[in-house]
Undergrad: 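Take a look at the following structure, please.
In what follows, every heavy atom counts, from backbone to side chain, and hydrogens, waters and symmetry copies are set aside. Chain letters run A, B, ... following the sequence lines, proteins first and then strands; every chain starts at 1. Given the structure is predicted, the values throughout are model-derived calculations rather than measurements.
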Amino acid sequence: MVDIAVELFGLRFKNPVVLASGPSGNGKEAIEVFDLAKLGGFTTKTVTWEPRQGNPPPRLVEIYGGILNSIGLENNGIECFIKEELPLLKDVDTVKIVSVGGDTVEEFAQMVERLNDIPYVDVIELNLSCPNVENGGISFGKSPSMVRKVCETCKKMSPKKPLMAKLSSDVTDVVEIASEAIKGGIDGLTLINSVQGMRMNIETGRPYLLRGVGGMSGPCIKPIGIWNVYQVRRAFPDIPIIGTGGVMNGEDVIEYIMAGANVVGIGFGAIVDFDLPYRVIDEVKVFLKEHKYGSIRDLVSKRGDIQ
Amino acid sequence: MRRGKLLDIQVDLRSNYVKLKIGANIDVKPGQFVMLKGDWEEPILPRPFSIYDRDNISFTVLMKIRGKATRKLSKLKIGGEIRFKGPLGNPYPEFSDRMTYLIGGGSGYAPLHFYAEHCPRKENIIFFIGVDKKDTREFFDEVKGCRYEWAVEDGSSDYKTVVDLIEDYSFPPDAVLIGCGPKVVLQTMLRIAEMNSLEAYVSLEEMMVCGVGMCKGCAVKVKEGDRISIKHVCKDGPLFSVKEVLLEW
Ligand SMILES: Cc1cc2nc3c(=O)[nH]c(=O)nc-3n(C[C@H](O)[C@H](O)[C@H](O)COP(=O)(O)OP(=O)(O)OC[C@H]3O[C@@H](n4cnc5c(N)ncnc54)[C@H](O)[C@@H]3O)c2cc1C
Ligand SMILES: Cc1cc2nc3c(=O)[nH]c(=O)nc-3n(C[C@H](O)[C@H](O)[C@H](O)COP(=O)(O)O)c2cc1C
Ligand code: FES
């Protein structure tokens, strides 16, 4: 028997696989499609203070090894989310991570304050990296001082609940950004969001996505995710990290853990094939068994020095 | 994703259309669709296809060869493996007692064919179908008992396009129109339905990944009274009433 559970922030993740924020929605559909109790955790789609319609279509286009999306945080706003959507997850036996995205520091803080009162919200994730909105998102996430300010302000609103920041790889130095988040009191980091990119339609001479730029997801971004996790782990040996980007199988999860992740997020892979997360978990077990690791902790303790 | 074996494949290289018969018993209703992918890494996304036909051991899709995935699917061998998710989307509504006009262009014929097959009163169904050439028309099976008006772009019939066909036709006031095909056909339907206060529905297409309403990729704008809101083709559609749908953002 191998033990694949992971402990973080005093919470028990049954296994190191969580669904990443966005692709699998806010839970309403996901509770029908997935057996969430079999997963380590579920992250809800980033919710914003006001409802958002998202960007005009086309919002998606296929690329080699993944997709580009420019959804633009379509959601019904925090009020509706707290009243109608979030309660559906209340009794689901998995770690519940709620992602929030603000246009301003105040919006971030107000949402964290609201969520702080809800006992079944286990973790709050600040989306400081959405590539598909004009305000907030990556425009905050690129600025070390903004990242620190958002983290500091939000931590005050929710001193007890674990608070994570989701960072982008589209920055000059991810370690500097991570460092500011940590100084701001953040409890953990999610790395990475989708990576900015574009695909041109050579028939029309215009980008496929109406908005032009989008975020890349899927196996094509895995090396970027691994490298970002690795750099941050090297600088901060103890900060909890959810490694995300391009996970399609158990070996990818092992790779992220060896690069320094505690837990691993799946976005794209899970919505292409709804059985993929369980298969990934089984493959992680098989890997541990075959390589004679008794547990994830065992695996972590035997990973090479990160230097 | 579920798996099924390819039981039969008919490729018509003159018209560039393919029928794929996949061995899996799914409880699918007319208007619903599946997302298909072969046993390959690229292209990575499964592709949505409406159901053209089904029986207790299989379902069939009618597919136009367009790009990477459809070309690869068209080259599969009998016995080859297909992965799919579905049935997805909502069934088309039934109107057995009213004259129902099924208006389609090209591969838009697929869901209309399945719809008519399941309709108990075939005499109430009239098809208006536009295709590019005679070969395509011959490749598309007609549903016995229904009336057909064809528009063929190569000039082999009286009308060249389905737009011309429906612009020339006077629909009875209690007619129901259901359309699936290129945007110009749907736009024309919208206009005709509005001018004549007809009940009409159009089947929409947008890029899809999840197929169940989670990823928010396949958004369309709709109006409910004065309110504009967002719906998703996969979960709320694919069929939308012309009263609510806005074809442009
Ligand atoms: C609900 C629905 C039902 C459909 N039913 C049929 C059908 O019965 N018969 C048929 O021939 N075609 C149908 N289509 C269209 C079909 O999905 C595309 O022709 C097919 O995906 C093309 O793939 P490709 O790789 O060959 O071409 P590509 O060159 O990759 O794409 C050509 C075009 O196909 C569309 N497309 C590609 N990938 C997707 C995707 N993942 N989701 C949605 N659209 C995509 C896009 O508009 C794209 O520009 C349907 C589409 C939808 C949304
Ligand atoms: C359709 C789609 C929507 C997404 N929406 C969000 C979101 O709302 N909030 C967020 O933090 N990340 C969002 N992401 C990014 C994912 O959470 C993830 O970080 C990224 O896609 C990389 O992981 P993957 O390759 O496993 O998908 C979205 C990604 C996709 C494909
Ligand atoms: S395809 Fe994901 S919401 Fe429609």
Undergrad: Crowded around Ile78(B) CD1? As in, over 12 foreign heavy atoms under 6.0 Å?
TA: yes
Undergrad: Where does Lys85(B) contact chain A at under 4.5 Å (heavy atoms): side chain, backbone, both or neither?
TA: side chain
Undergrad: Step through the shown structure and confirm whether more than 12 heavy atoms of other residues, nucleotides or ligands are within 6.0 Å of OH on Tyr120(A).
TA: yes
Undergrad: Side chain, backbone, both or neither: which part of Pro23(A) has a non-hydrogen atom closer than 4.5 Å to chain B?
TA: backbone
Undergrad: Does any non-hydrogen side-chain atom of Glu32(A) lie less than 4.5 Å from one of Met214(B)?
TA: no
Undergrad: Report, as yes or no, whether the 6.0 Å neighbourhood of atom CD on Glu194(B) holds more than 12 heavy atoms from other residues, nucleotides or ligands.
TA: no
Undergrad: Going by the rule ring pair (Phe, Tyr, Trp, His ring centres under 6.0 Å), which residues pair with Tyr115(B) if we only count those two or more places apart in sequence or in a different chain?
TA: Tyr92(B)
Undergrad: Given the rule in the side-chain contact (heavy atoms from CB on, under 4.5 Å) test, do Lys221(B) and Gln53(A) qualify, once you have shown the distances and angles that lead to the verdict?
TA: CA-CA 9 Å; Lys221(B) 236 180 190 171; Gln53(A) 293 198 334; 3.5 Å; yes
Undergrad: For Lys223(B), I'd like to know if atom NZ has over 12 heavy atoms of other residues, nucleotides or ligands within 6.0 Å.
TA: yes
Undergrad: Which residues from residues 36-66 of chain B are near chain A, with near meaning under 4.5 Å between non-hydrogen atoms?
TA: Glu42(B), Pro43(B), Ile44(B), Leu45(B), Pro46(B), Arg47(B)
Undergrad: At a 4.5 Å cut-off on heavy atoms, which part of Pro51(A) comes close to chain B: side chain, backbone, both, or neither?
TA: neither
Undergrad: Lys216(B) and Ile71(A): which non-hydrogen atoms are nearest, and at how many Å?
TA: O-CD1, 3.5 Å
Undergrad: When you look at NZ of Lys90(A), are more than 12 heavy atoms from neighbouring residues, nucleotides or ligands closer to it than 6.0 Å?
TA: no
Undergrad: Measure distances from Met208(B) to the heavy atoms of chain A and classify the residue's part below 4.5 Å as side chain, backbone, both or neither.
TA: backbone
Undergrad: Above 12 or not: heavy atoms from other molecules or residues under 6.0 Å from CZ of Arg279(A)?
TA: yes
Undergrad: Find out whether Arg83(B) and Asp273(A) are in side-chain contact, i.e. whether some heavy atom of one side chain is under 4.5 Å from a heavy atom of the other.
TA: no
Undergrad: Mark yes or no for whether Arg59(A), through its side chain, and Cys218(B), through its backbone, hold a donor-acceptor pair below 3.5 Å.
TA: no
Undergrad: I want to check something: taking the side chain as every heavy atom from C-beta on, are Val272(A) and Met1(B) in contact at a cut-off of under 4.5 Å?
TA: yes
Undergrad: For residues Ala219(B) and Pro57(A), report the shortest heavy-atom separation together with the two atoms involved.
TA: O-CG, 3.7 Å
Undergrad: Above 12 or not: heavy atoms from other molecules or residues under 6.0 Å from CD of Glu94(B)?
TA: no
Undergrad: So, for Cys215(B) and Ile271(A), which heavy atoms are closest and what is the spacing to 0.1 Å?
TA: CB-CD1, 3.7 Å
Undergrad: Just wondering, do His232(B) and Glu29(A) contact through their side chains at under 4.5 Å, heavy atoms?
TA: no
